[in-house]
Structure formats: C-alpha cells, structure tokens
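The structure appears below as structure tokens.
Read the numbers this way: they start at 1 and go in the same order the structure lists the ligands and their atoms.
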Amino acid sequence: MRTIELNKRQEQILQIVKGDGPITGEQIAEKLDLTRATLRPDLAILTMAGYLEARPRVGYFYTGKTSSQLIAEKLRKLKVRDFQSIPVVVNTNVSVYDAICTMFLEDVGTLFVVDESAVLVGVLSRKDLLRASIGKQELTSVPVNIIMTRMPNITICRKEDYIIDVAITLIEKQIDALPVVKETEKGFEVIGRVTKTNMTSILVNLTEDEIL
Ligand code: ADP
C-alpha cells in the first residue's frame, strides 16, 4: 500500500478534494485539465489507501487521516493467519540432546512439544535447552518433558487472532514465540507459530510499499 509516498498528481488531487470536497471525479479531472480515465488509477489508490472516501452520487471526501493513522489502522487489521510460520514440534519423550539437534537442523529458536496424539503439551526455548546442558545430566537420557514449560502455562494464539495482540503478548510475557493452535476434542493441535521474526518482517513490509 502506498501510504507514505504519493506522487505529484495524487498530492494535487488531495489538495483539490480537501478544499472543494465533496467533489466528483469529473470535476477533479476538469480542474486538472485531464480526462476522468487518466485520473481513475490515482483516485483508486487514494481511496484504497484511505486518504479519500468515495460516496456514490455525491463524490470524493477528504478523510483527514494522516499517514500514520492509516498505517496504524492497517496494522490493527492484520491477522495471525497471514504471517504465521510453520511450527517445529518434537515428541514429549525425545531427549534434550535430540531437541538441541532439531533446533539446529530446523533453524528455529522455539520448539513445541506434543504427545502421541499430536496435542500440545510443552514449549522448549533456547535457554531451556542451555540450562539443561550446563547441568550434570546425560543429555541423551533426559527427556524434554522434564525441562519444558508445560500446559496449562503455555500462551497460545489462534489463526484468526490479531497480530497486534500477539505482539503485545510477546512483550508482556517476555517470550519469543507463540504456538498457533486449533482446538480438537483431545486438546490443542499446533498448526503454526508466530515469532518475533514475523514481527520484524511486518516492519520491513511496511516500508516496501506492499499491500499489507
Ligand atoms: P529464551 O528462554 O531462549 O530467552 P523465550 O524468551 O521464548 O526464549 O522463553 C523464556 C521462557 O518462557 C522459557 O522457559 C520458555 O520455555 C517459556 N516460553 C516460551 N514460549 C512460551 C509460550 N508460548 N508460552 C509459555 N511459555 C513459553
């Protein structure tokens, strides 16, 4: 979405609508000495971006919203399902050693632990595994369920939740990731993960003129 940089003609249109709105596309075209067809893409962009509002049979209004208000509005609408990543899960009886290998191989910072019915039972962070590694135990014989953070203390989210709520939760709970879950009769099935990396890519998208 082009929230930040408008071209010269779009700026001119905004000024006209700001001063003379409500005004029809035809009238704007006249003022700029252009055809209605030439203006159509610019009007579409300004309307989609939220600077202008179009009312049938009345014309265009200036919404008075600033770029940052428009960005905030877009951000508040983003859902988990549009940004979630694939989850990496391990079984509850794998060893701490194998969990560490999985974390390296899969290149993730958080593993979700599931039971034999694929139901979420725990979370393993990098520091959970580091902590276990500096103890005296034999890492190949300690199962992850001894050291994981377990249900019901796991913070979860669902794919239809808002990304901004997940971001707030990550900060409040001081954690790096949430499992995206689906409720089944046995418990929560893990269908995705949302991490601080997902949040960083949203920030980058914002600067890249992409439709959020
Ligand atoms: P690290 O421990 O590597 O800094 P986190 O900040 O994500 O990584 O984890 C901090 C602690 O919170 C760990 O003990 C971890 O098991 C736990 N944890 C991580 N994610 C969750 C979650 N979604 N729900 C509950 N606890 C979690």
Using heavy atoms and a cut-off under 4.0 Å, could you grab the residues that are in contact with ligand 1, chain by chain, numbers ascending?
V123, S125, R126, K127, D128, T149, N153, I154, T155, Q174, I175, D176, A177, L178, P179

I'd like to check the salt bridge (Lys or Arg N to Asp or Glu O under 4.0 Å) partners of K196; sequence neighbours left out, ordered by chain and number.
D176

Under 3.5 Å, is there a donor on one side chain and an acceptor on the other for Q27 and T24?
yes

Taking the side chain as everything from C-beta on, heavy atoms only, tell me whether S85 gets closer than 4.5 Å to N198.
yes

Does D82 form a salt bridge (Lys or Arg N to Asp or Glu O under 4.0 Å) with K79? I'd like the steps, not just the answer.
CA-CA 6 Å; D82 303 318; K79 297 270 180 99; over 6 Å; no

Write out all pairs satisfying salt bridge (Lys or Arg N to Asp or Glu O under 4.0 Å) with one or both partners inside residues 26-52, taking only residues at least two apart or from two chains.
R9-D42, D20-K31

Which residue pairs pass the salt bridge (Lys or Arg N to Asp or Glu O under 4.0 Å) test when at least one of the two sits in residues 85-110, sequence neighbours left out?
none

